[in-house]
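Below, chains carry the letters A, B, ... as their sequence lines are ordered, and counting in each starts from 1.
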Number of protein chains: 4
Amino acid sequence: MAETQQQAASSPSGEPRTPRGRRTRRALLDAAILEFGARGFHATGIAEITRRAGVASGSFYTWFPSKEAIFRAVVADLSARVRDHVAPAVRAAPDGLAAERAALESFLGFVRSNPQLYRIIDEAEFVAPDSYRAHYEGAVARIAERLRAAAARGEVRADVGELEAWALVGMNVFLGLRYGIWGTGESPAEVAAAANRLIVEGLKPRRG
Amino acid sequence: MAETQQQAASSPSGEPRTPRGRRTRRALLDAAILEFGARGFHATGIAEITRRAGVASGSFYTWFPSKEAIFRAVVADLSARVRDHVAPAVRAAPDGLAAERAALESFLGFVRSNPQLYRIIDEAEFVAPDSYRAHYEGAVARIAERLRAAAARGEVRADVGELEAWALVGMNVFLGLRYGIWGTGESPAEVAAAANRLIVEGLKPRRG
Amino acid sequence: MAETQQQAASSPSGEPRTPRGRRTRRALLDAAILEFGARGFHATGIAEITRRAGVASGSFYTWFPSKEAIFRAVVADLSARVRDHVAPAVRAAPDGLAAERAALESFLGFVRSNPQLYRIIDEAEFVAPDSYRAHYEGAVARIAERLRAAAARGEVRADVGELEAWALVGMNVFLGLRYGIWGTGESPAEVAAAANRLIVEGLKPRRG
Amino acid sequence: MAETQQQAASSPSGEPRTPRGRRTRRALLDAAILEFGARGFHATGIAEITRRAGVASGSFYTWFPSKEAIFRAVVADLSARVRDHVAPAVRAAPDGLAAERAALESFLGFVRSNPQLYRIIDEAEFVAPDSYRAHYEGAVARIAERLRAAAARGEVRADVGELEAWALVGMNVFLGLRYGIWGTGESPAEVAAAANRLIVEGLKPRRG
DNA sequence: GATGAATGAGTATTCATTCAT
DNA sequence: AATGAATGAATACTCATTCAT
């Protein structure tokens with residue numbers, strides 16, 4: 001961002017400097033999301049991406065240095081999208097426990113309308129392990145931060161930490177898989193309610 | 001024509017009919033677990049598997065019809081191994097809640113000593129989706145069954161069901177990922193204790 | 001035939017010396033005719049032949065030294081069969097011209113009930129060119145011999161020779177292909193009549 | 001999105017869009033004719049074709065989707081070549097009977113200088129049966145058409161039809177095999193004369 | 001003689017990447 | 001920037017043949 005000198009004249013694999021370049025790069029990225037989501041990394045060829053994007057195969061390398069590079073870009077794109085989709089719901093929640101419930105419900109909605117999410121993020125475990133790890137550590141960090149704040153406000157136990165955050169992410173991910181991808185009958189609200197009851201009251205039978 | 005037509009000769013991709021065949025098939029399977037676990041499905045060639053198994057490349061197809069087929073066999077093998085590893089710990093637990101805690105602790109131990117587990121199972125999402133689904137639905141079914149029994153004994157809330165089972169599997173899987181693969185400082189017992197506290201008491205602050 | 005000493009104890013790839021051996025060899029040959037006829041030389045594996053014959057794959061080499069060898073045996077078998085099928089019809093004919101007509105009619109009948117004939121004989125052009133050549137030169141030689149005899153009896157022109165015999169074989173082969181394999185509406189008698197008219201009277205318009 | 005979506009980039013296995021592409025495609029086709037003619041379909045590898053054409057092995061698939069596809073193209077190419085070679089000779093003939101004689105003579109010349117013809121066309125019976133059939137049905141159709149016209153002019157019997165055309169094709173093919181491939185002493189003119197005498201006067205002894 | 005397993009050379013095809021216009 | 005053709009390494013799978021029992 002600071003340096004501007006290092007950009008070569010043709011800016012191969014760099015940021016577009018013209019409107020035409022911008023359009024081409026974005027078309028490739030959008031095409032890649034669809035293709036990777038539908039067929040997976042290994043079954044998708046550069047040719048499929050360029051065909052869908054409507055550009056010549058050679059043009060791909062003007063904007064991305066490799067297939068792996070565009071995959072990373074796709075993961076980052078999706079990762080940011082989930083985050084941004086869930087954030088407002090969390091902000092609107094009255095307290096910490098409600099926030100987690102809202103986060104899950106919002107996440108389930110996102111998954112339903114973006115079923116490629118899992119195929120792409122999960123495949124990153126093999127194609128770009130660091131992107132994969134970054135995605136989930138980001139999710140954990142956000143939950144952990146929220147829990148810390150809620151603990152400070154006395155809304156949750158004071159000793160909850162990273163471990164609990166991981167557990168919650170795991171719950172959410174699997175409920176998302178079950179609800180959003182494999183498709184079960186429940187509504188997002190039902191799923192979120194059950195999960196909420198679990199994390200709020202645990203499994204123990206109610207006294208009294 | 002007169003005599004009983006003997007068994008259809010040879011058994012490509014079938015069950016071994018001799019001890020030698022049995023040994024070869026097993027050697028291939030073991031080699032495949034190691035290779036798929038270390039390099040992943042796409043980066044592993046039949047040649048690597050046969051080399052490690054100490055047989056000629058063509059011999060592979062005497063016992064498995066395709067690379068995908070041996071991958072499925074590997075998933076099934078591992079899936080059964082986790083199940084069998086966890087089962088005794090569960091049986092030894094005094095009650096339903098303790099059983100879940102013991103299950104997680106035992107699972108964490110398994111993951112630590114079989115770090116290929118995740119690479120292989122997770123990759124099945126792309127290579128053999130039905131095997132992947134079968135693996136997790138099996139895990140969920142076993143937990144759900146335990147919860148039902150525990151509920152009947154009054155050890156857990158009466159309304160817990162499949163949804164809770166999914167949530168618990170998700171928790172376990174992610175804690176396994178964190179503890180067993182990415183390696184954190186806690187002991188299995190610590191992790192299990194934290195998870196246990198969560199599912200037993202939830203996130204709510206203690207009253208009084 | 002003369003020597004009997006050269007036969008090894010196990011007579012690999014030789015003539016069977018026991019009833020069991022005789023049955024096995026014959027079963028392989030019959031299976032090969034069916035498989036080569038149905039799928040062609042290259043698409044047929046030894047495994048298909050042994051499977052259909054009901055023997056273990058290794059047993060094949062007890063009776064034939066190679067795939068090519070059994071193919072040659074199959075060609076010779078079929079070649080002899082056509083010859084023996086046509087011969088009686090020819091013998092029964094009253095004169096030379098009638099003999100050729102009868103030969104074609106009989107040949108057409110053979111082709112209809114042995115549609116593998118063409119697939120196998122024709123493929124010999126590539127797999128065993130000498131067998132192929134031998135087959136057709138045999139057919140030509142028989143016709144040429146008949147024409148010579150007929151000429152001597154004054155039933156056909158005195159100057160007919162090898163060239164005419166080749167032409168007749170070509171006619172017969174293509175009429176057999178058309179009638180027997182690609183299946184046309186005419187009866188063998190019709191086809192034979194048309195061919196006969198052609199070789200008896202030529203194409204010239206009838207005078208008067 | 002706004003601008004006209006350009007042509008679907010790249011054209012694997014399509015028509016060349018540049019002179020360079022045109023040259024490469026043609027070089028592959030010529031190389032294939034020679035290799036298939038010399039070694040046959042199964043014994044010829046893509047590597048042989050590309051080596052002779054002077055291109056990288058992968059380039060083959062830029063222009064043909066499979067080995068079978070180029071074989072079909074080769075058959076069609078040769079088929080058209082025979083047709084175009086014979087046509088002028090036929091047109092120059094004074095009448096219908098002379099035309100058939102000229103056709104055979106011209107065909108024999110073609111076969112002599114293109115001995116690959118038989119290996120390739122005949123192998124099509126196994127590799128691409130529809131191409132094989134199309135080739136011979138085309139030849140028959142052309143002869144049948146000529147006979148019809150000749151009959152209309154009173155130059156041949158009025159009742160000649162498809163059957164006669166097939167018979168003539170068969171004669172020509174076998175005479176071509178004998179003369180052009182297996183090589184006999186006669187000249188094309190001699191062979192054509194004998195065939196002509198046969199189809200003009202038949203086998204019958206001359207009256208008088 | 002028969003069996004079933006082992007062998008390993010051979011090959012069509014794919015595809016990320018490069019390059020000349 | 002874009003195009004379309006060229007590149008060539010990589011690999012799953014086949015199958016005739018051999019061999020130990």
Close N/O contacts between protein and nucleotides 18-21 of chain F (under 3.5 Å):
none

State the CG-NE2 distance between C/L78 and C/H135, to the nearest 0.5 angstrom.
8.5 Å

Nearest 0.5 Å, what's the CD1-OG distance between D/I46 and D/S59?
12.0 Å

How close or far is atom P of E/dA2 from atom CZ of C/R22, stated in whole angstroms?
12 Å

Check the angle between the aromatic planes of B/H42 and A/H42 and answer parallel, tilted or perpendicular using the 30° and 60° thresholds.
parallel

Can you confirm whether A/L29 sits close enough to A/W63 that some side-chain heavy atom of one is under 4.5 Å from a side-chain heavy atom of the other?
no

Quick one: side chains of residues 118-128 of chain C, donor-acceptor pairs under 3.5 Å with protein atoms, not counting sequence neighbours, listed by atom name and distance.
from   : atom 1 : to     : atom 2 : distance (Å)
C/Y118 : OH     : C/V173 : O      : 2.5
C/Y118 : OH     : C/L177 : N      : 3.1
C/E123 : OE1    : C/F41  : N      : 2.8
C/E123 : OE2    : C/F41  : N      : 3.4

Can you give the dot-bracket line for DNA chain E, where a pair is Watson-Crick or G-U wobble with both atom distances under 3.5 Å, crossing pairs use [ ], and | marks a partner on another strand?
.||||||||||||||||||||

Ignoring backbone atoms, establish whether A/T18 has a side-chain N or O less than 4.0 Å from OP1 or OP2 of F/dA1.
yes

Would you mind reading off the distance between B/R25 atom CZ and E/dA6 atom C1', rounded to a whole angstrom?
17 Å

5' priority, DNA chain F, between B/F60 and D/G21 [closest heavy atom]:
D/G21

Where the side chain of B/K67 is defined as all heavy atoms beyond and including C-beta, which of E/dT13, F/dC13, F/dG8 is the nearest nucleotide?
F/dC13

How far apart are the closest heavy atoms of D/P16 and D/G21, and which atoms are they?
CB-C, 3.5 Å

Examine F/dA12: is either OP1 or OP2 under 4.0 Å from a nitrogen or oxygen in the side chain of B/S66? Give yes or no.
no

Any side-chain heavy-atom pair of D/F36 and D/I70 under 4.5 Å
yes

Rounding to the closest angstrom, what is the interatomic distance between E/dG1 and F/dT21 at atom C1'?
13 Å

Any non-hydrogen side-chain atom of B/F60 less than 4.5 Å from a side-chain atom of B/L28?
yes

Taking CD from D/E15 and P from F/dA5, how many angstroms apart are they, rounded to a whole number?
11 Å

For DNA chain F, which residues of residues 27-43 of chain B approach it to below 4.0 angstrom with any heavy atom?
none

Inter-residue atom distance D/D77.CG - D/D30.CG, 0.5 Å rounding:
7.5 Å

Measuring to OP1 and OP2 of F/dA1, would you say a side-chain N or O of A/W63 lies under 4.0 angstrom away?
no

Return the residues of residues 44-55 of chain D meeting this criterion: a heavy atom under 4.0 Å from some atom of DNA chain E. Order them by number, or give none.
D/T44, D/G45, D/I46

Just do the side-chain contact (heavy atoms from CB on, under 4.5 Å) check on D/R72 and D/D130 with the steps written out, would you?
CA-CA 9 Å; D/R72 285 170 192 279; D/D130 51 326; 2.8 Å; yes

A side-chain contact here means heavy atoms from C-beta on lying under 4.5 Å apart; do C/R23 and C/R26 qualify?
no

If we only count heavy atoms from C-beta on, is the D/T62 to D/T24 side-chain gap below 4.5 Å?
no

Pairing residues for D/R52 by the salt bridge (charged side-chain N to carboxylate O under 4.0 Å, His left out) criterion, not counting sequence neighbours
D/E35

Rounded to whole Å, how long is the line connecting atom CZ of D/R17 with atom C1' of F/dA6?
16 Å

